[in-house]
Amino acid sequence: MRKVSIFGSTGSIGCNTVDLVKRKPEAYRVVAMTGGRNVAKLASQAKALKAEVAVTAYEDCLEPLREALSGSGIEVAAGEAALCEAAERPADWIMSAIVGAAGLPPGLKALEQGTTLALANKESLVTAGALLKSTAAASGARILPVDSEHSAVFQGLVGENIADVERVIITASGGAFRDWPLEKLAAATPAEASSHPNWDMGQRITIDSATMFNKALELIETHEFFDISPDRIEAIVHPESLVHALVGFRDGALMAHVGPPDMRHAIGYALNWPLRDHLPVERLNLAEIGQLTFREPDAARYPALAQARWVMEEGGLAGAVFNAAKERALDGFIEGRIGFLDMASVVADVIEIMSGEGLGLAAITLDSVQQADQEARMRADAVIAVRQR
Ligand code: NDP
């Protein structure tokens, strides 16, 4: 039996992971499951999968969690340190599906133990790619991509030589507002931005799809994960969300990964890697689909893409600053303090304020990343306070 842990089990990726693990009770023993405020869901998942320990990120959720699991024999714990301790428990495979920069410390702990890390939490690579990779190299741990685009590239590279790769193209649905007139975007509401045309995901990544901050993070993630230079990484709008990524080789061949918009594919690939197993995902009928369309992303509609280019060129702590400013701008939008278009402007202002601080030259340690993250959040809050409507 393989020992697995699911971090962020109560979220969208977490629930899809639970679904796959639950289908094969004979194959997995569940060590840790973690969540945030959704204590009822965490408790019912932990009972269903007979987890060793259930951890909530928040101290004030500990008592409700303890109560919900009383008599089950499942250990309970709460807080950031408890998340890291849970990541240190011996396991063969850990799903990293906490949302945001909070996913980094437990991910690092898992890698230090040599545990295979299935990485949905793209923010870890964006904020601390070098640290994550050196930690994995030191312990011999494997990082497997879970983002659908990166899983697609990863699959496209099986048996290939990375030196033969000429370009990588990741696709973007274009998000909730891809066909809205530009002048309407300023008034777009969080509820409108939270409805994705193709994918069923958590609220934060869904809004990040509408701004393409999600795609911006994924460009950086591609650069970090595959060590491919920024000039060879492209994003293209593909409204059908069926082609997830394409890898172009030096002989001109372009290998595309095609599949339904169902995250259980990428999660299942990482869970079964290096083998393949049956997955309960839809089989595409290409004749019914009829056509696949692609178009260039509009730079005016999606300023986040140019910001990602800056991050990749700058390197160092630029990713931590970009991600933190983006997270605070997103909070500001969700809370109704700033408008939809203000999110990219807040990030641009923070980049401008902090770009003279030698970010690219700084050493990447957990401390330096967390410091840059905190400073960028403070700067973003100050910018938001000025812009607040
Ligand atoms: P959700 O918002 O649906 O779930 C997030 C999970 O993280 C929940 O379990 C939540 O707990 C927990 N959580 C929230 N805040 C904290 C915190 N401060 N500390 C610890 N845990 C916390 O997110 P998604 O599942 O959509 O996304 C998870 C990650 O996967 C993100 O990094 C995202 O970018 C990435 N991803 C998601 C995809 C998708 O299809 N959803 C696709 C590709 C990548 P609770 O709900 O109990 O409060």
Side-chain angles (χ1 to χ4, degrees), residues 6-8 11-14 16-17 94-108 110-111 116-133 135-136 142-155 168 170-173 175 196 199 201-228 230 233 235 241 244-245 257 261 263 265-267 269-270 302 304-305 307-309 311-312 315 317-330 343 347 364 369 372-373 376:
I6 307 172
F7 279 65
S12 165
I13 291 286
N16 278 313
T17 310
I94 286 188
M95 166 53 74
S96 163
I98 288 174
V99 65
L104 176 62
L108 278 172
L111 289 174
T116 296
L117 191 70
L119 193 69
N121 179 259
K122 61 193 86 184
E123 296 89 345
S124 300
L125 268 177
V126 168
T127 58
L131 178 60
L132 221 63
K133 289 184 284 184
T135 306
R142 217 38 233 223
I143 306 175
L144 298 172
V146 171
D147 231 337
S148 56
E149 296 77 1
H150 304 78
S151 174
V153 174
F154 191 67
Q155 294 180 50
V168 167
I170 59 172
T171 61
S173 67
H196 197 281
W199 294 90
M201 309 186 286
Q203 185 194 30
R204 297 183 73 84
I205 185 174
T206 303
I207 299 176
D208 280 350
S209 296
T211 49
M212 278 224 199
F213 270 119
N214 181 47
K215 210 48 53 184
L217 296 178
E218 288 176 7
L219 287 171
I220 304 164
E221 188 185 1
T222 307
H223 169 56
E224 291 290 346
F225 197 99
F226 300 103
D227 282 324
I228 292 175
I233 307 171
S241 293
H244 304 301
H257 180 283
M263 283 308 297
H265 179 85
I267 296 167
Y269 187 79
Y302 303 117
L305 297 179
Q307 293 171 350
R309 299 260 164 221
V311 172
M312 290 189 283
L317 294 171
V321 166
F322 174 68
N323 179 67
K326 189 278 296 177
E327 288 194 19
R328 290 306 287 149
L330 179 57
M343 284 188 275
V347 175
I364 309 288
V369 167
D373 175 286

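- Using a distance-only test at 3.5 Å, with no hydrogens or angles considered, a donor-acceptor pair links the side chain of T206 to the main chain of G202.
- Between L217 and D147 the shortest side-chain heavy-atom distance does not fall below 4.5 Å.
- Across A372 and A320, no two heavy atoms sit closer than the pair CB-CB, 4.3 Å.
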Please test M343 against I207 for side-chain contact (heavy atoms from CB on, under 4.5 Å), starting from the C-alpha separation and ending with a verdict. CA-CA 11 Å; M343 284 188 275; I207 299 176; 4.0 Å; yes

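- The CG atom of N121 lies 7.5 Å from the OG1 atom of T127; values are rounded to the nearest 0.5 Å.
- V99 has its side chain out of reach of I205: every pair of non-hydrogen atoms, C-beta onward, lies at least 4.5 Å apart.
- The heavy-atom pair separating E221 from V126 by the smallest distance is N-CG2, 4.4 Å.
- Distance check: I233 CD1 to I228 CD1 gives 6.0 Å after rounding to the nearest 0.5 Å.
- Shown here are the salt bridge (charged side-chain N to carboxylate O under 4.0 Å, His left out) partners of E224, two or more places apart in sequence or in another chain: K133.
- Contacts of A101 classified as side-chain contact (heavy atoms from CB on, under 4.5 Å), with partners at least two apart in sequence or in another chain: N323, E327, D373, R377.
- Looking at S151, its side chain never comes within 3.5 Å of a backbone N or O of V146 through a donor-acceptor pair.
- Every residue meeting the salt bridge (charged side-chain N to carboxylate O under 4.0 Å, His left out) condition with E149, not counting sequence neighbours, appears here in chain and number order: K215.
- In this structure, I143 CD1 and S124 OG are separated by 8.5 Å, a value rounded to the nearest 0.5 Å.
- By the side-chain contact (heavy atoms from CB on, under 4.5 Å) test, S173 pairs with R178, H196, N198, S241, sequence neighbours left out.
- To the nearest 0.5 Å, the span separating CD1 on I220 from NZ on K122 amounts to 11.0 Å.
- Under 3.5 Å, the side chains of T222 and E218 contain no donor-acceptor pair of N or O atoms.
- Taking CE of M95 as the reference point, atom CD1 of I6 lies at 8.0 Å (rounded to 0.5 Å).
- Every residue two or more places apart in sequence or in another chain that forms a ring-ring contact (aromatic ring centres under 6.0 Å, His included) with F213 is listed here: F322.
- Nearest heavy atom pair, residue F154 against residue L144, reads CZ-CD2, 3.8 Å.
- Minimum heavy-atom separation, G107 to L117: O-CD2, 4.0 Å.
- For H265, the ring-ring contact (aromatic ring centres under 6.0 Å, His included) partners at least two apart in sequence or on another chain are H257.
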Quick one, I98 with E123, criterion side-chain contact (heavy atoms from CB on, under 4.5 Å). Give me CA distance, side-chain angles, the key distance, then yes/no. CA-CA 10 Å; I98 288 174; E123 296 89 345; over 6 Å; no

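- Here the closest heavy-atom approach between residue P106 and residue G103 is recorded as CD-O, 3.6 Å.
- In this structure, T17 and M263 have side chains that are not in contact, with every pair of non-hydrogen atoms separated by 4.5 Å or more.
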Apply side-chain contact (heavy atoms from CB on, under 4.5 Å) to residues S148 and W199 and explain how you reach the verdict. CA-CA 11 Å; S148 56; W199 294 90; 3.8 Å; yes

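- Once rounded to the nearest 0.5 Å, the distance linking CG of L219 with CD of Q307 reads 12.0 Å.
- Smallest separation of non-hydrogen atoms from A130 and I364: CB-CG1, 4.4 Å.
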